[in-house]
Protein chains: 2
Amino acid sequence: MELYYGYSGNVARILRSIGVEPGDRIIVVLKDGTVFNGILMPRQVLYSGRPVLVLKLDNGYNIGLNIDEVSDLRLVSKKQVHHHGGVEAVGRAEGLPRIVLLGTGGTIASKVDYETGAVTPVLTPGEILEWVPELAEIAVFNAREVMSIFSEDIEPLHWENLSREVYKELVEGVDGVVIAHGTDMMSYSASALAFSIMNKPAPIVFVGSQRSSDRPSSDSAFNLRAAFIAASKGPFAESVIVMHGETSDTYALVHRGVKARKMHTSRRDAFQSINDKPIAKVYPETMEVRIVGRIIEHRGKNKKAQLKNKFDDRVALVKVYPGLQPEMLETLIDKGFHGIVLEGSGLGHMPNKLIPVIARAVENNIPVVMTSQCLFGRVNLYVYSTGRRLLEAGVIPGSDILPETAYVKLSWILGSVSRDLGEVRKVFLTNLAGEFNERHILDLYPRWNHE
Amino acid sequence: MELYYGYSGNVARILRSIGVEPGDRIIVVLKDGTVFNGILMPRQVLYSGRPVLVLKLDNGYNIGLNIDEVSDLRLVSKKQVHHHGGVEAVGRAEGLPRIVLLGTGGTIASKVDYETGAVTPVLTPGEILEWVPELAEIAVFNAREVMSIFSEDIEPLHWENLSREVYKELVEGVDGVVIAHGTDMMSYSASALAFSIMNKPAPIVFVGSQRSSDRPSSDSAFNLRAAFIAASKGPFAESVIVMHGETSDTYALVHRGVKARKMHTSRRDAFQSINDKPIAKVYPETMEVRIVGRIIEHRGKNKKAQLKNKFDDRVALVKVYPGLQPEMLETLIDKGFHGIVLEGSGLGHMPNKLIPVIARAVENNIPVVMTSQCLFGRVNLYVYSTGRRLLEAGVIPGSDILPETAYVKLSWILGSVSRDLGEVRKVFLTNLAGEFNERHILDLYPRWNHE
């Protein structure tokens, strides 16, 4: 079966005959007189061989038209390809912000080849524009792959590489960096970039997808548009996550990476800010960026980014539970780990019988940070005697930092700053990228439906 | 300073002279003619020596009256003490449901002695009634201490003891058991009792407090009243948690223990149901129990409880994160652990390089369960190749069970049912106490405020 951008048979023949390619704007007239004006979409699922032509309409919806009902089909305008900086860069017009899209191997930047069943990354700017033509109206962009792994396989070493690649782009002067990343470990990586590049001149935007881009219900295109808008127009120069804000396609949220967490296995609005408001809402239809939260660091053309991208891979994140065995912690000391983050209970507690092991870790120059598995609220080790004993043992209280962020921050401090216990404590307790929020207002706690 | 139920000076002298004790109903007439009718409360904080008399009014609020403004003070009725079953049992009337309150050492059942500053448990029925006189209108009750430890020090061994004590009460025929328990590890303990006693004839109600009972803002009394109502009137015979439903004193929630989690370090409404609705709302003012969710097991006088209370303390709960070291899992195999629960990423993933270690664990007869650190949603190992590899390695998919519940359930299966891998898998995948919810509706996901 010969395919033309995923189309076969009659449809492929007609499209090829008039030289229309995906991304082009066309007019389609049906036999009943209805006229559709939109962007031709590529490679659709072959619904039981039905000859269907897919258009993206200006209202954002895709429509499938039966080719047998089509009486006329005309090209309105070709998609535009610009050349920029020696590398292929595409966009509808010069003068738009300049964005780079870095691929890491997540769901968003892959497509299924329906002929072979293989999943391949979508990574040339031309291919991406074929898939989400609206991007051309937001920015001129380049795209390249910096790695290709599942996000669950990300390790601290990968953050070093990713940080370096992003840093190069920021130094080169892009208006924003978009990183396509698997959602599983996205908040860990977004936290890593929050610390590894300081004094950011422009936003670093992580974006992903909860459904792969080949599925009709995919959130990829919506999220990618929102990420491009945030990266090109957002006044914040922070490491952020941009994903669906609710299940429908109304707005996306810009979360501060250090305060965000994947809170649902499958929903589009899985990412939520914990103990903080999102920074902004993005409305892809109107290309509006509306600030709703704090901005810690602002965009600035003349800011000089600083790269400190070493992460210590000898840090452990340990969840506390009833009956947590002392040997689990002793192993970490004996095997020469460099740092421990505890996900304690309530205000930051753990079994009293484990406190001597914690004291021994600190005596062995291993910093130990306490966070809470409650996620919401703040560690407070002054309320109960267990907490006071933990402080005496030398535990660093994590305030309202997320356990995941604490893990990344401790790994970064030990790798890039110091292994001196006093210095580690000082830097850990310093609010570097908004990872602590001093002011908790009541409505940071979400509302559960009790009816 | 001589004290009379916490009162000193003038107030103590007046109260003693007319023989009024805390828990008694009195009428107080002020010099301006205002009349208050309520229950005298004991041992209040000595606000800079101001001579204040504290009454609990019928609307549930406490009011402090300046003794200098009081023109008259009369006894209306003494608190009533009944004798029941040989043990002191108190309540306002015979014919009320019969409840037992078991103390474990949490915040709710302690009080501060303002003379010495010492914190002591409140555990005779008389003392509890002094403190929350409304309980006498709900049930006739006994109270005793079964252990006295911080909840963060709870271990599987304690669940065996607690289960046995609760079982004895159920066999003896009480209408409900209330367990005062520290909030830190309460959901783990409530899960334990969900499994260790099957075919429950009556509710097992865990209750705690986010502020100790000596503080003016304490939620102890409200929660205790709600717990008594749930235990005496609730149609559900499950292991549940009863705590504040919102920050104000309108209603408490009855959460299924296996589906509940402490989601905030300090808020009164810290406990929330995850992937499930709460079973009911309780309105202490009207003593109403309104069912809002599923009931898995109903109350029944003739039901014969079954006790299987062994918990295996060689089970580990391990959180997955980027760079999780293989040696953390290898240690568990080498040290002869009996089971592992993983808190994976997203749909239930972990680094691919760890999968061979998982396979080795299973080969060593160690069951491995996969849950998700997202908390909301459901593990699905069929979507991505990492998940399919985990299934091939022998991982038991945890569906929508909470990681904490999975830990308790695996510990219980290994201790009370079987260590045969096939049997463990079969029992784990069986919905024993509502720990799996097959039907997720959209509004189980809480609403974050994005404005």
Side-chain angles (χ1 to χ4, degrees), chain A residues 150 152-156 183-185 188-189 245 247 253 262-267 270 272-273 278 281 292 313 316-319 321-323 325 327-328 331 335 343 345-347 349-353 372 374-380 384 386 404 407 442-451, chain B residues 150 152-156 183-185 188-189 245 247 253 262-267 270 272-273 278 281 292 313 316-319 321-323 325 327-328 331 335 343 345-347 349-353 372 374-380 384 386 404 407 442-451:
Chain A
F150 290 118
E152 61 266 31
D153 289 330
I154 294 266
E155 297 188 28
T183 56
D184 267 33
M185 295 301 187
Y188 293 87
S189 294
T247 47
L253 289 171
K262 185 174 181 179
M263 293 299 293
H264 199 283
T265 59
S266 60
R267 279 175 68 118
Q272 296 292 345
S273 290
K281 292 167 104 163
V292 294
D313 61 2
L317 173 53
V318 178
K319 177 157 176 158
Y321 50 88
Q325 300 79 4
E327 62 215 89
M328 299 280 284
T331 294
K335 299 212 172 201
E343 205 176 291
S345 64
L347 292 162
H349 300 137
M350 69 186 311
N352 274 281
K353 77 174 189 188
S372 174
C374 295
L375 304 178
F376 294 93
R378 198 184 295 281
V379 161
N380 185 341
Y384 293 102
T386 303
E404 296 86 356
Y407 166 73
L442 273 182
D443 69 356
L444 288 185
Y445 194 51
R447 272 185 299 158
W448 270 262
N449 189 323
H450 297 148
E451 288 302 321
Chain B
F150 290 119
E152 60 266 30
D153 290 329
I154 294 266
E155 298 189 29
T183 56
D184 267 33
M185 295 302 189
Y188 294 87
S189 294
T247 45
L253 289 170
K262 185 174 179 179
M263 292 299 293
H264 199 283
T265 59
S266 60
R267 278 175 70 116
Q272 297 292 346
S273 291
K281 292 167 103 163
V292 294
D313 62 1
L317 173 52
V318 178
K319 176 156 177 160
Y321 50 87
Q325 299 79 3
E327 63 215 87
M328 299 280 282
T331 294
K335 300 212 172 201
E343 204 177 291
S345 64
L347 292 162
H349 299 138
M350 70 185 310
N352 273 280
K353 77 175 189 188
S372 174
C374 294
L375 303 179
F376 293 93
R378 198 185 293 282
V379 161
N380 185 341
Y384 294 102
T386 304
E404 296 86 358
Y407 167 72
L442 273 182
D443 69 355
L444 288 184
Y445 194 51
R447 272 185 300 157
W448 271 261
N449 188 325
H450 298 147
E451 288 302 322

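Proteins come first, then strands; the chains are lettered A, B, ... in the order of their sequence lines, and each starts at number 1.
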Query raised in the report: Hey, would you say the B:F150 and A:H349 ring centroids sit under 6.0 Å apart?
Result: no

Query raised in the report: What residue in A:K353, A:K335, A:M350, A:E327 has the most heavy-atom pairs under 4.5 Å with chain B?
Result: A:E327

Report summary line: Answer key: most heavy-atom pairs under 4.5 Å with chain B among A:Q272, A:E343, A:K262 is A:Q272

Query - Expected output: side-chain B:T265 to main-chain A:R378 donor-acceptor under 3.5 Å - result: yes

Query raised in the report: With under 30° as parallel and over 60° as perpendicular, where do the rings of A:H264 and B:F376 fit, or are they tilted in between?
Result: parallel

**Report entry** side chain to side chain contact (heavy atoms under 4.5 Å, CB included) between A:Q325 and B:D313, worked out
**Finding:** CA-CA 8 Å; A:Q325 300 79 4; B:D313 62 1; 5.5 Å; no

Requested in this report: For each of A:K319, A:R447, A:M263, tally heavy-atom pairs with chain B at distances under 4.5 Å, and name the one with the top tally.
Outcome: A:M263

Query raised in the report: At a heavy-atom separation under 4.5 Å, does A:Y188 approach chain B through its side chain, its backbone, both, or neither?
Result: side chain

Requested in this report: Find the one option among B:E404, B:M328, B:E152 whose heavy-atom pairs under 4.5 Å with chain A are most numerous.
Outcome: B:E152

Requested in this report: Identify which of B:S266, B:S273, B:A316, B:P278 forms the greatest number of heavy-atom pairs closer than 4.5 Å to chain A.
Outcome: B:A316

Requested in this report: Flag the one option from B:S189, B:C374, B:A270 with the top tally of heavy-atom pairs under 4.5 Å to chain A.
Outcome: B:C374

**Report entry** Interface residue of largest heavy-atom contact number with chain A, from B:L347, B:L375, B:L444, under 4.5 Å
**Finding:** B:L347

Query raised in the report: Any sub-3.5 Å donor-acceptor pair from B:Y407's side-chain atoms to A:P322's backbone N or O?
Result: yes

**Report entry** Toward chain B, the part of A:L317 with a non-hydrogen atom under 4.5 Å
**Finding:** both

Query raised in the report: Hey, which of A:H450, A:M185, A:K281, A:E155 has the most heavy atom pairs under 4.5 Å with chain B?
Result: A:H450

Query - From B:S345 atom OG to A:D153 atom CG, the distance as rounded to the nearest 0.5 Å - result: 9.0 Å

